[in-house]
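Remember, it's 1-based here, ligands and their atoms both numbered in the order they're listed. Counting begins at 1 with the first residue of the sequence.
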Amino acid sequence: MKKGELLEHARPFYEEVELLELEHAIDIATTAHEGQKRKSGEAYIIHPMAVATTLVDWGMDIDTVIAGILHDTVEDTDLSLDQLENLFGKDVSFLVDGVTKVSKARAGMHDLAEYLPQTKDNLSKLLIAVGQDVRVIIIKLADRLHNMQTLQHMPREKQIKIARESLEVFAPMADRLGMGRVRMQIEELAYSYIDPVEFKRLQNLMRKRLGKSTRKLGIVREEVDRALKAQNISNDINGRVKSIYSLHKKLKKVDGNIDDVYDLMALRVIVETKEDCYRVLGILHSLYQPMIARIKDYIAIPKPNGYQSLHTTVLTPSKQIVEFQIRTYEMHEYSERGLAASFHYHEQKSSKDYTRGKKSAVLPSNMQWITQLQEIATKLRSGEEITDSQLNIDLFGNRIFVYSPKGDIYNLPEGAFPLDFAYLVHSDLGKHAYGFRVNGSIHAFDKPLSNGDVVEIMTRKSVSPKTSWLELVSTTHARAKLRAQLRKNGAIQSITHAAGIIREKTRKTRVHSKNDKS
Ligand code: MN
């Protein structure tokens, strides 16, 4: 896309001053990349232009789009971060700096290793580097998408390497952010390079199958549409075809037998309200025979990445197995665009809250991992130690959902203890906890919680945190809160020093004996 085209493309979404700034950024980047070429032989500037176009399409705010234009300048040209800050402000330079750091981590330049020598996991490194602002990851995803789209110009060896990394790092990252469409785009491209022969074979297999079932599915679709209209539920129904990569993964689970894959094509029913979703489910189940084990309520209990929908698989009278996904327009928007959806231009004000400080107040509970990510990033900067396992547990391990007695849902990593829950609900609850009741029975401090537990925290004003509790929490969040409280009480100093550890141990015994009496 040329400068004029990009500006026209962006015009409906941004204000006049923002567009002027964008134009300025395009000029600066064009000059800076002058003479550089992509592998395809084209001028380098086509790449940042494509990235910025994608960011406009994803509805990102102007700072992100401008950072997209400039994302390779600090690394590959004479422009410095200071210059960018002078020209476009702190926000833009911060974003470009984040993207540059990610590239360096990726290139294995070990600049992050000094923060985190024990971590070899690229994904963690990337996330830590950018923990401060999720928009950095979003720029990186747009960058990666364009590189994948132009991968044909690379030598075979590089294609494989980049495709692998995309599958292992970038697709899961998009998934974590709930950006389903981008995840799928990256996966399809990557898989087509990693195993071109199998990709083609599955593509053909899919085409044949779909040819057969599309007509039958059309009949089901009309039937459902009629039933919903009769109940005055306005709706859109469309067919969603399984991606080749997800078919490949599914086939591995069912010993390669495509007859065991029931959702090659699913029908997606999109309605106005959450209530309508459940009504649609009821209507479907009265029309067709549901397969009990395949009903999933991701509306009441969203996936950890925020995805919401009702899923059900039914058997039609003509013995056809059909999967339905039922969701509202809003849920649909989120499932496609994920966190990017919250940066939409006309929500720009509130979107800032997602990236600056006030996260826990704004983010839905199923996105709490972003808050944790930010806490880890802050700690790293302040030089506090972070262990590998902490990172993995918090960010990449499996998650469980537990409930407060009032029915509020909280999302914790697997293996979390009752105190982790208490600190998640409120740090004062953690502070004064003297016992827990889980599903009605007394539950020990050192016994991990399970998915679906209802956890009641028993508190007493006279109870205060103990250093021994440090072994009874597994989340970074709880540990940080607890440490701060202990420090405030004078129970621990800095534990990074050996002297501190010894001091902590002496105190620990003292605190213990004091507690034994209470
Ligand atoms: Mn780039």
Report summary line: Angle subtended at the Mn ion (ligand 1) by Asp72 OD2 and His47 NE2, to the nearest 10 degrees, is 90°
**Report entry** Donor-acceptor pair between Glu42 and Ser40 side chains, under 3.5 angstrom
**Finding:** yes
Report task. State whether the number of non-hydrogen atoms from other residues, nucleotides or ligands found under 6.0 Å of Glu330 atom CD is greater than 12. Result -> no
Query raised in the report: So which of the N, O or S atoms of Asp143 lies nearest the Mn ion (ligand 1)?
Result: OD1
Query raised in the report: Do any N/O/S atoms of His71 come under 2.8 Å of the Mn ion (ligand 1)?
Result: yes
Query raised in the report: Using a distance-only test with no angle check, is there a side-chain donor-acceptor pair under 3.5 angstrom linking Arg294 and Thr312?
Result: no
Query - Axial cation check for Tyr307 ring with Lys303, 6.0 Å and 45° limits - result: yes
